[in-house]
Amino acid sequence: MNEKVNSGSRNVAIVGPYLSGKTTLLESLLFVAGAISRKGSVKDGNTVGDSAQEARDRQMSVEVGAASTEYNGTRFTFIDCPGSVEFAQETYNALIGVDAAIVVCEPINDRVLTLAPLFKFLDDWEIPHLVFVNKMDRANIHVLETLHALKAVSSRPLVAHQYPIMRGEQLIGFIDLVTEQAYHYHPGAPADPVPFPEELKEEEHIARAEMLEALANFDDHLLEELLEDIEPPQEEILKDLKMELGADLVVPVFFGVAEQDYGVRPLLEALVREAPEPETTAERRLRGTKTGDTTVAQVLKTYYTPQGGKLSLVRVWQGKLTDGIVLNGIRTGGIYRMMGQQLQQINQAGAGEIVALSRMEGIKTGDTLSTNQQSAIELPKAEQLEPVYALAITPEKRNDEVKLSGALSKLLEEDPSLAWEQHGDTHEVIFWGQGEIHLQVALDRLRRKYNLPMTTHLPQVPYKETIRKPTSSVHGRYKHQSGGHGQFGDVYLDIKPLARGEGFNFNETIVGGVVPKQYIPGVEMGVREFLAHGPLGFPVVDVAVTLTNGSYHSVDSSEQAFKQAARLAMQTGIPQCQPTLLEPIIRVQVTTPSEFTSKVMQLVTGRRGQILGYEAIHDWQGWDSITAYLPQAEMQNFIVELRSQTLGVGSFHWEFDHLQEVPDKLAERILTTNSGNGGNGNSK
């Protein structure tokens with residue numbers, strides 16, 4: 001417990017599911033390190049991690065927060081990450097810039113599965129991580145069962161670094177499995193060495209043997225010692241823990257109660273002793289990238305603050321940042337260390353530090369920054385999550401429409417997992433995100449930061465129309481006389497359906513100039529204008545129209561007159577072709593734990609979906625991928641139900657696939673709704 005620590009710095013992310021106690025752990029870490037004199041609480045809304053108003057309103061983290069401090073000669077920058085799956089993009093963007101991550105979880109075995117996507121991301125990116133089992137003051141905790149549940153969702157071996165000492169439901173101390181020294185906890189003070197509790201000897205022996213065997217898988221010398229029943233030196237065990245944690249080969253497990261600071265000091269000391277140094281992380285991240293001697297940094301998070309304007313949270317990978325340095329052609333406005341929303345200005349930051357830069361206009365989250373003006377350097381960044389939930393938004397004040405696109409652009413800089421579009425068919429502004437809470441937080445920011453309150457509703461479904469049978473020689477004549485030159489156009493059209501997905505085709509078979517060539521474009525324009533809003537109220541697709549005959553007047557005819565004649569012909573002809581309603585069909589690929597596969601398939605078929613197939617994911621044991629077609633009208637709350645069926649870990653990718661006829665009964669309901677609201681209806 002009192003070993004000499006290394007100097008230097010460590011950047012550590014605190015991650016884990018919602019309600020696992022991450023923000024409380026950060027408060028405890030800062031308190032134990034002496035960075036704060038009094039701990040805040042999530043309930044009271046005065047923690048360092050949840051400094052944003054949107055987080056305090058909901059008593060949950062909604063964005064990445066940073067806090068820097070020193071502990072026993074080592075500078076730490078802790079990155080507090082949101083736990084809700086709806087804010088996973090924030091977490092993933094930040095994780096690529098840290099040296100290690102603390103995965104916080106509760107000792108509730110049924111909920112351990114929620115860690116699986118996080119473990120996979122950490123392992124895919126080779127990010128060293130350890131587990132802190134929080135809230136060890138719960139009732140009916142079985143330590144070995146908790147360890148077994150954790151091992152089932154991690155592709156890396158989990159090794160207990162300590163064994164908790166319980167008295168009833170209370171955590172009172174721990175046994176260090178390296179030294180086999182027992183310690184007793186005291187509120188607000190370091191733990192004291194105490195005699196080894198003999199009643200735990202068998203359980204501690206099993207846990208320690210498993211730790212040593214896991215380490216021996218990567219150290220032949222340690223394996224020989226174990227086979228010959230030689231007790232390995234403590235220094236060798238610690239060396240192996242450091243080496244194998246740093247290479248993301250094993251995952252050490254710690255236990256504690258963050259609210260009481262229990263287990264926090266051993267955790268801090270293990271981070272100093274065993275977490276990889278920034279140079280090791282930089283070597284791994286920069287591998288294969290030609291950087292030369294230039295300064296290189298990467299943006300982990302973007303903030304727009306009321307006081308300081310734009311701030312970019314960056315990890316310095318190589319070189320150093322100095323006041324006024326030019327990165328990617330932009331001069332920085334200042335360098336700051338962060339403690340929640342409090343900023344401490346500094347003159348420079350060296351390799352391995354995480355700091356905030358001000359006024360980096362045009363720079364986005366994930367961007368690589370460098371002093372090399374000759375060629376751009378681009379480091380890998382977290383994959384951008386696809387949006388899965390949408391709302392149509394409208395400013396409460398009509399005059400605010402001109403400000404909306406600028407404000408939305410800033411929101412997207414802060415949070416790249418948001419998206420927006422002006423829909424071409426429904427003309428709505430569609431706001432996309434990762435879930436209902438995610439969008440509500442973004443809408444709160446629009447109101448608070450940019451004074452742009454919004455009204456919202458479910459997006460309209462972009463239905464289309466088509467026809468089932470052809471008709472020919474449909475006549476349209478437009479004749480109008482009002483003094484002077486009149487208007488005259490006369491056309492005959494053939495209308496027929498096309499195969500699904502072929503769109504629109506216009507032809508003419510005019511012989512003898514009965515419709516002069518200069519008027520034919522007007523005929524096509526009239527046809528297109530009619531098809532943009534068909535008899536059922538929606539755009540008409542997959543139709544071929546041929547101009548076959550007509551007549552004109554040498555004085556009164558014009559392109560405009562033939563356009564009107566074509567519209568009249570279409571107005572007569574399309575209802576004769578058995579118009580029918582089409583709905584967009586989405587191809588979805590759902591990812592779920594295998595134990596929920598049957599439930600997810602029932603969810604899909606219950607929403608008029610068609611299962612195309614499913615298979616095990618080859619690089620993710622115990623997870624399946626289900627491919628299906630789903631009507632877009634059934635997609636609105638699909639992510640909500642999917643998460644409720646899969647402990648919050650189910651996800652999906654989607655893309656438009658084709659248009660399909662709507663069943664007759666449903667079509668009647670849609671058309672009734674559409675006629676009732678005077679616009680493009682929504683079947684939900």
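K120 NZ: more than 12 foreign heavy atoms inside a 6.0 Å radius. Around atom CD of E436, no more than 12 heavy atoms belonging to other residues, nucleotides or ligands sit under 6.0 Å away. Atom NE2 of H457 has more than 12 neighbouring heavy atoms from other residues, nucleotides or ligands inside a 6.0 Å radius. The neighbour count for Q621 CD, taken as heavy atoms of other residues, nucleotides or ligands under 6.0 Å away, does not exceed 12. Annotation: Q576, atom CD; neighbour count of heavy atoms from other residues, nucleotides and ligands within 6.0 Å is above 12. Crowding of Y304 atom OH: a count of heavy atoms from other residues, nucleotides or ligands under 6.0 Å exceeding 12.
By the 4.0 Å N-to-carboxylate-O rule, D57 lies close enough to R448 to be salt-bridged with it. In summary, R58 and D444 engage in a salt bridge, as defined by a charged side-chain N under 4.0 Å from a carboxylate O. Ion pairing between a basic and an acidic side chain is recognised when a charged N comes within 4.0 Å of a carboxylate O; K301 and E414 show no such pairing. With respect to the salt-bridge test (charged N to carboxylate O, under 4.0 angstrom), the residues E661 and K464 do not qualify. Electrostatic pairing of E524 and K563 does not count as a salt bridge here, judged by no charged N lying under 4.0 Å from a carboxylate O.
In this structure the side chain of L612 reaches within 4.5 angstrom of the side chain of R587, judged on heavy atoms. Contact of the V543 side chain with the P497 side chain is not registered, since no non-hydrogen atoms from C-beta on lie closer than 4.5 Å. Using a 4.5 Å heavy-atom threshold, the side chains of P535 and F530 count as touching.
A ring-ring contact (aromatic ring centres under 6.0 Å, His included) check over residues 540-565, counting only residues at least two apart or in different chains, returns the pairs Y519-F562.
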request  = Might you work through the side chain to side chain contact (heavy atoms under 4.5 Å, CB included) test for I467 and I495, ending with a clear yes or no?
outcome  = CA-CA 9 Å; I467 57 174; I495 307 170; 3.7 Å; yes
ask   = Yes or no on salt bridge (Lys or Arg N to Asp or Glu O under 4.0 Å) for R608 and E583, after CA distance, side-chain angles and deciding distance?
value = CA-CA 12 Å; R608 300 192 290 124; E583 63 179 339; 2.8 Å; yes
task = For side chain to side chain contact (heavy atoms under 4.5 Å, CB included), just list the numbers for T580 and T466, CA-CA rounded to whole Å, side-chain angles, deciding distance to a tenth of an Å, and then say yes or no.
result = CA-CA 6 Å; T580 186; T466 194; 3.5 Å; yes
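Distance check, rounded to the nearest 0.5 Å: CD of E378 to OG of S370 gives 11.5 Å. Taking CG of L531 as the reference point, atom NE2 of H533 lies at 12.0 Å (rounded to 0.5 Å). In this structure, CZ in F652 is found 8.0 Å from CZ in R643, a value given to the nearest 0.5 Å.
The aromatic rings of Y463 and F538 sit perpendicular, their planes meeting at an angle over 60°, well past the 30° parallel limit.
The backbone N or O of I626 lies less than 3.5 Å from no partner atom in the side chain of E615, so there is not a single donor-acceptor pair. D624 places no side-chain N or O within 3.5 Å of a backbone atom of T597 that could act as its donor or acceptor partner.
No close placement of the F488 and H480 rings is indicated, their centers lying 6.0 Å or farther apart. Aromatic rings of H438 and F87 (six-membered ring for Trp) have centroids within the 6.0 Å cut-off, being under it.
E396 and T455 form no side-chain donor-acceptor contact under 3.5 Å, judged by distance and modelled atom types alone.
No option in N328, T368, L369 other than T368 meets the side chain to side chain contact (heavy atoms under 4.5 Å, CB included) test with I377.
Considering all non-hydrogen atoms of both residues, P380 and I96 come closest at O-CD1, 4.0 Å. The minimum heavy-atom distance between L493 and A566, with the atom names listed, is CD1-O, 4.1 Å. Shown here for S551 and D490, the closest heavy-atom pair between the two residues is OG-OD2, 2.7 Å.
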